[in-house]
There are 2 protein chains.
Amino acid sequence: MSLPHAILTALLEKPSSGLELTRRFDKSIGYFWSATHQQIYRELGKLEAEGLIRTLPAEQPARGQKKSYEVLPAGRAELARWTAAAQDPKTMRDPLLLRLRAAAVVGTAGLEDDLRRHLESHRRQLAEYREIERRDFPPDRDAPEDRLRHLVLRAGIDLETFWTQWLTHALAEFAELPDAD
Amino acid sequence: MSLPHAILTALLEKPSSGLELTRRFDKSIGYFWSATHQQIYRELGKLEAEGLIRTLPAEQPARGQKKSYEVLPAGRAELARWTAAAQDPKTMRDPLLLRLRAAAVVGTAGLEDDLRRHLESHRRQLAEYREIERRDFPPDRDAPEDRLRHLVLRAGIDLETFWTQWLTHALAEFAELPDAD
DNA sequence: AGGCTTTTTGCAACTAGTTGCACAACGGGC
DNA sequence: GCCCGTTGTGCAACTAGTTGCAAAAAGCCT
């Protein structure tokens with residue numbers, strides 16, 4: 001049950017409307033917890049019904065019929081509770097590794113191209129993370145919240161680094177394999 | 001839609017009953033695609049209905065009586081198709097990183113213990129992978145299927161290595177943080 | 001033989017996430 | 001004034017995975 005807590009975190013960082021949240025879930029928070037706008041609207045409704053958030057009383061006119069939400073004390077308390085609660089390590093599920101295992105049985109035909117696509121995409125993500133690090137975490141900033149956020153970003157960077165290296169290695173292995181299937 | 005293909009792969013490696021599959025999903029295949037026994041039984045039923053697998057002709061089945069399955073040619077073809085098909089990189093979802101991000105807002109109280117638990121669990125998994133590597137992939141074996149399976153295992157080893165390092169680093173940061181919340 | 005436990009299979013209900021679409025409001029172009 | 005694309009919100013149906021429980025066969029004990 002992480003989505004509500006992802007939303008609470010995002011709203012604490014900055015009160016937002018559903019669409020703004022959706023946009024923010026396409027970067028930042030969404031880098032390690034993705035969500036679609038439908039999920040977000042549904043969850044906002046629930047959180048409001050539970051009294052963890054509320055709509056900000058209307059302010060600037062702007063366009064549309066925007067509803068902005070902010071976190072109530074009960075919401076902050078729930079987030080703190082969840083953050084501190086012990087959770088079991090998630091069960092791993094990686095389709096790409098599964099496909100490689102399958103390829104050991106049914107042959108590697110066609111797989112190589114997709115590995116290249118994945119490599120490309122991990123490289124792009126890595127470059128983006130590095131850019132964020134350069135922009136948001138210059139060496140002199142180290143307020144506690146910054147250090148935690150930087151730590152999370154480092155996890156992203158190191159994970160993408162791992163994948164680019166591993167995929168590169170995998171492609172090299174493929175090149176050496178007899179390519180019958 | 002990976003579960004059916006995980007099962008096909010497992011059954012091609014060795015025909016099994018539902019419970020045997022469940023056991024195998026607790027190691028090996030399950031290391032990167034976990035599944036519960038209920039998922040597996042349901043999926044076996046579907047795969048049989050679709051004509052991708054069949055029960056081994058032993059005795060007519062009844063509840064509580066073992067049924068073993070094997071993959072039919074159509075099943076192998078479907079697995080080959082799926083393996084070669086392009087798939088988008090999965091959207092990342094990691095509750096632990098999310099909690100760290102939340103901790104930057106609501107404080108780190110209580111989180112440290114759970115990080116230690118996770119570190120312990122990743123260390124255990126890493127040791128297990130290393131043992132499998134030692135046992136199943138001595139330096140002289142390199143048949144093509146072995147190389148692919150070894151590649152997958154290397155991914156597991158490197159991922160667990162990353163997590164142990166990152167968690168160690170995170171705990172070190174925590175030690176330096178003012179621990180008010 | 002009678003009951004007790006384990007093995008093996010499975011149903012049903014639930015939770016979480018995805019996909020496809022609907023609809024209202026507003027701004028801009030003509 | 002009217003169509004049209006954009007912004008913003010939302011419902012409904014579907015797919016995938018989880019949890020809790022139960023029931024048939026088989027072995028085990030005395």
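This is a predicted model, so every value here is computed, not measured.
- Per the geometry, CG belonging to B:L44 stands 8 Å off P belonging to C:dG10, to the nearest Å.
- Salt-bridge formation is not detected for the pair B:E20/B:R23: no Lys NZ or Arg NE/NH1/NH2 atom is positioned less than 4.0 Å from an Asp or Glu carboxylate oxygen.
- Salt bridge absent: B:E128 and B:K27 never bring a charged side-chain N and a carboxylate O closer than 4.0 Å.
- Nearest-nucleotide mapping onto DNA chain C: of B:Y69 and B:T91, the residue sitting toward the 5' end is B:Y69.
- For A:Y41 and D:dG10, the shortest distance from a side-chain N or O to OP1 or OP2 is not below 4.0 Å.
- Salt-bridge check for B:E131 with B:R134: passed, with a basic side-chain N closer than 4.0 Å to an acidic carboxylate O.
- Taking atom CD on A:E43 and atom C1' on C:dT15, their separation rounds to 11 Å, with Å as the unit.
- Judged by distance alone with a 3.5 Å cut-off, a donor-acceptor contact links the side chain of B:R42 to the base of D:dT18.
- Atoms CD1 (A:I40) and P (C:dT19) sit 15 Å apart, rounded to a whole Å.
- Within residues 7-26 of chain A, the residues having any heavy atom closer than 4.0 Å to DNA chain D are, in order of number, A:S17, A:G18, A:L19, A:R23.
- For B:Q39, no side-chain nitrogen or oxygen approaches OP1 or OP2 of D:dA16 to under 4.0 Å.
- A straight line from NE2 of A:H37 to P of D:dC11 spans 12 Å, rounded to a whole angstrom.
- What separates NZ of B:K90 from P of D:dA16 is a distance of 18 Å, to the nearest Å.
- Between B:E48 and B:R54 no salt bridge is recorded (no basic side-chain N to carboxylate O distance below 4.0 Å).
- Counting only heavy atoms from C-beta on, A:W33 has its side chain closest to C:dG17 among C:dG17, C:dG10, D:dA16.
- Not counting sequence neighbours, the partners of A:H122 by the ring-ring contact (aromatic ring centres under 6.0 Å, His included) test are A:W163.
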Using a 3.5 Å cut-off and no angle test, enumerate the donor-acceptor pairs between side-chain atoms of residues 82-107 of chain A and protein atoms at least two apart in sequence or in another chain.
{"from": "A:W82", "atom 1": "NE1", "to": "A:Q87", "atom 2": "OE1", "distance (Å)": "3.2"}
{"from": "A:T83", "atom 1": "OG1", "to": "A:L79", "atom 2": "O", "distance (Å)": "2.7"}
{"from": "A:T91", "atom 1": "OG1", "to": "B:S34", "atom 2": "OG", "distance (Å)": "3.3"}
{"from": "A:R93", "atom 1": "NE", "to": "B:S34", "atom 2": "O", "distance (Å)": "3.1"}
{"from": "A:R93", "atom 1": "NH2", "to": "B:S34", "atom 2": "O", "distance (Å)": "2.8"}
{"from": "A:R93", "atom 1": "NH2", "to": "B:S34", "atom 2": "OG", "distance (Å)": "3.2"}
{"from": "A:D94", "atom 1": "OD1", "to": "A:L96", "atom 2": "N", "distance (Å)": "2.8"}
{"from": "A:D94", "atom 1": "OD1", "to": "A:L97", "atom 2": "N", "distance (Å)": "3.2"}
{"from": "A:R99", "atom 1": "NE", "to": "B:T83", "atom 2": "O", "distance (Å)": "3.2"}
{"from": "A:R99", "atom 1": "NH1", "to": "A:D114", "atom 2": "OD2", "distance (Å)": "2.8"}
{"from": "A:R99", "atom 1": "NH2", "to": "A:D114", "atom 2": "OD2", "distance (Å)": "2.9"}
{"from": "A:R99", "atom 1": "NH2", "to": "B:T83", "atom 2": "O", "distance (Å)": "3.1"}
{"from": "A:R99", "atom 1": "NH2", "to": "B:A85", "atom 2": "O", "distance (Å)": "2.6"}
{"from": "A:R101", "atom 1": "NE", "to": "B:E13", "atom 2": "OE2", "distance (Å)": "2.9"}
{"from": "A:R101", "atom 1": "NH2", "to": "B:E13", "atom 2": "OE1", "distance (Å)": "3.1"}
{"from": "A:R101", "atom 1": "NH2", "to": "B:S28", "atom 2": "OG", "distance (Å)": "2.8"}

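- One can place CE of B:M1 at 16 Å from P of C:dT18, the figure rounded to the nearest angstrom.
- The interatomic distance linking B:D88 (CG) with C:dT18 (P) rounds to 13 Å, in whole Å.
- Taking 4.0 angstrom as the limit, A:Q38 places none of its side-chain polar atoms (N or O) nearer than this to OP1 or OP2 of D:dG10.
- Regarding contacts with the backbone of D:dT18, a side-chain N or O of A:R93 is found under 4.0 angstrom from either OP1 or OP2.
- Under the 4.5 Å side-chain heavy-atom criterion for grouping Ile, Leu, Val, Met, Phe, Trp and Tyr, A:F162 is connected to A:V152 within one hydrophobic cluster.
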